[in-house]
Amino acid sequence: MPELPEVETLKQVIEPQIQGLKIINAIIKRPEVTAYPTADIFRKRITGQTFMGMSRRGKFLSMHLDSGDQIVLHLRMTGRLLLAPHDYPKEKHTHIIFQLNNGKELRFSDMRRFGRFWLLQQGETDTYTGISKLGFEPFDPEFSAAYLKTKLEKRKKAIKTCLLDQNIVAGIGNIYADEILFAAGIHPARPANSLNAKEWESLATAIPKRLSYFIEKNKITPEEYLETRGQEYRNTPFLQVYGHADNPCLICAAKLCRTVIGGRSSVYCPVCQKQ
DNA sequence: CTCACCCTGTTA
DNA sequence: TAACAGGGTGAG
């Protein structure tokens with residue numbers, strides 16, 4: 001489900017609601033969703049701890065606890081996090097329930113079970129979540145056309161594949177890669193080493209611009225979020241190319257094309273994004 | 001690089 | 001019934 005804007009939305013909705021609440025128990029129904037440590041150690045260690053805040057890095061979400069421990073979560077394709085009253089109907093595929101001291105529960109559900117939790121203990125070096133290998137945040141002041149160019153100008157891979165590489169820029173997924181490349185006027189299959197200076201600039205501008213636009217469009221109140229069960233907080237009506245294959249391009253009215261790049265479905269305008 | 005895989009549900 | 005789905009990893 002989530003790319004950077006959705007994880008950011010999730011953080012903005014959930015963080016103010018759990019701050020200062022204590023975990024009185026954790027029910028881990030599917031032990032495999034805790035990648036590290038084991039479900040039993042995970043549960044014992046966090047029980048009794050208090051949520052201090054949340055932070056996002058790329059598509060990872062970290063929940064900071066009072067001891068300095070961090071619960072790290074990656075939602076992958078279909079993971080969801082929902083704060084609900086304890087008697088609120090449970091989603092199908094609910095795998096972890098954090099029971100809180102105000103009668104509410106923070107619940108993780110995930111139909112495809114790809115999502116993963118880690119517990120980083122206070123003072124421990126993170127060698128397992130992958131966060132330490134991530135590239136710049138798109139909103140990092142050091143992120144720039146020069147950075148992209150330096151990292152990618154020798155690569156022959158399709159530029160879209162490079163945008164999906166979390167170790168270059170963190171947080172871009174399949175939908176927003178297409179939206180970004182459309183905004184930048186760059187064909188998704190262009191080899192990275194074929195981009196010119198102007199195109200690196202367009203890309204470096206489009207990345208934070210498009211992502212912040214979608215963060216804005218995704219804004220949702222806690223009430224709406226609960227009502228839709230955390231499912232529909234991506235504002236698909238604002239997507240310009242993804243999911244619009246065969247429709248007319250918003251700029252030139254040419255028919256949008258669909259293709260597969262790096263095994264991922266890709267939509268682009270054959271006129272605005274020349275090969 | 002491509003492909004299979006981890007899973008289940010939805011759509012064609 | 002099969003293809004496809006917003007992610008990431010590991011094998012070949």
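Each chain gets a letter, A, B and so on, in the order its sequence line appears, and its residues count up from 1.
Atoms CG (A:L164) and C1' (C:dG7) sit 9 Å apart, rounded to a whole Å. Distance OH (A:Y128) to C1' (C:dT9): 19 Å, rounded to an integer number of Å. Distance A:L163 CG to C:dG7 P: 12 Å, rounded to the nearest Å. With rounding to whole Å, A:D178 atom CG is found 11 Å from C:dG7 atom P. For A:I175 and C:dC4, the CD1 to C1' distance is 13 Å, given to the nearest whole Å. In this structure, CZ of A:R76 is placed 16 Å from P of B:dT8, rounded to the nearest angstrom. Rounding to whole angstrom units, OH of residue A:Y242 and P of C:dC4 are separated by 12 Å. Straight-line distance from the CD1 atom of A:I172 to the P atom of C:dG8: 11 Å, rounded to whole Å.
Residue A:R30 is classed as having no contact, given no heavy-atom separation below 4.0 Å to the nucleic acid. Note on A:G173: only backbone sugar-phosphate atoms sit closer than 4.0 angstrom, heavy atoms only; bases stay farther off.
The shortest distance between the side-chain N/O atoms of A:H93 and the OP1/OP2 oxygens of B:dG9 is below 4.0 Å. Between A:K156 and B:dC1 there is no side-chain N or O to OP1 or OP2 distance below 4.0 Å. The phosphate of B:dG9 has OP1 or OP2 within less than 4.0 Å of a side-chain N or O from A:K92. For C:dG8, one of the phosphate oxygens OP1 or OP2 lies less than 4.0 angstrom from a side-chain nitrogen or oxygen of A:H74. OP1 or OP2 of C:dG8 sits under 4.0 Å from a side-chain N or O of A:Q166. One finds no side-chain N or O of A:T78 lying less than 4.0 angstrom from the OP1 or OP2 phosphate oxygen of B:dG9.
Ring geometry, A:F108 versus A:F117: the interplanar angle exceeds 60°, so the pair is classed perpendicular (tilted spans 30 to 60°). Note on ring orientation: taking the six-membered ring where Trp is involved, the planes of A:F60 and A:W118 are tilted (angle from 30° to 60°). Between A:F214 and A:Y176, the ring planes are tilted. Angles from 30° to 60° get that label. The aromatic rings of A:Y36 and A:Y128 are tilted relative to each other, their planes meeting at an angle between 30° and 60°. The aromatic rings of A:F42 and A:F98 are tilted relative to each other, their planes meeting at an angle between 30° and 60°.
Using atom P as the reference point in both B:dT2 and C:dC4, the two lie 16 Å apart (nearest Å). The P atoms of B:dC3 and C:dA3 are separated by 14 Å, rounded to the nearest whole Å. Of the P atoms belonging to C:dG10 and B:dC7, the separation is 15 Å, rounded to the nearest Å.
In summary, of the residues considered (A:R155, A:K151, A:K133), a salt bridge (charged side-chain N to carboxylate O under 4.0 Å, His left out) with A:D165 occurs for A:R155 alone.
For the segment residues 106-121 of chain A, the set of residues with a heavy atom within less than 4.0 Å of an atom of DNA chain C comprises A:R112, A:F114, in numerical order.
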>> Pair A:I175, A:L239 - check side-chain contact (heavy atoms from CB on, under 4.5 Å), show working.
In response: CA-CA 8 Å; A:I175 291 181; A:L239 298 175; 3.7 Å; yes

> What do the steps show when you test A:D246 against A:R258 for salt bridge (Lys or Arg N to Asp or Glu O under 4.0 Å), and what is the final call?
Replying inline: CA-CA 8 Å; A:D246 300 331; A:R258 181 189 177 276; over 6 Å; no

> Taking it one step at a time, do A:R113 and A:D110 satisfy salt bridge (Lys or Arg N to Asp or Glu O under 4.0 Å)?
Replying inline: CA-CA 5 Å; A:R113 258 183 277 151; A:D110 188 353; over 6 Å; no

> Given pairs defined as Watson-Crick or G-U wobble with both distances under 3.5 Å, what dot-bracket annotation applies to DNA chain C, with ( ) intrastrand, [ ] crossing, | other strand and . unpaired?
Replying inline: |||||.||||||

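The two residues A:E153 and A:N193 make their nearest non-hydrogen contact at O-CB, 2.9 Å.
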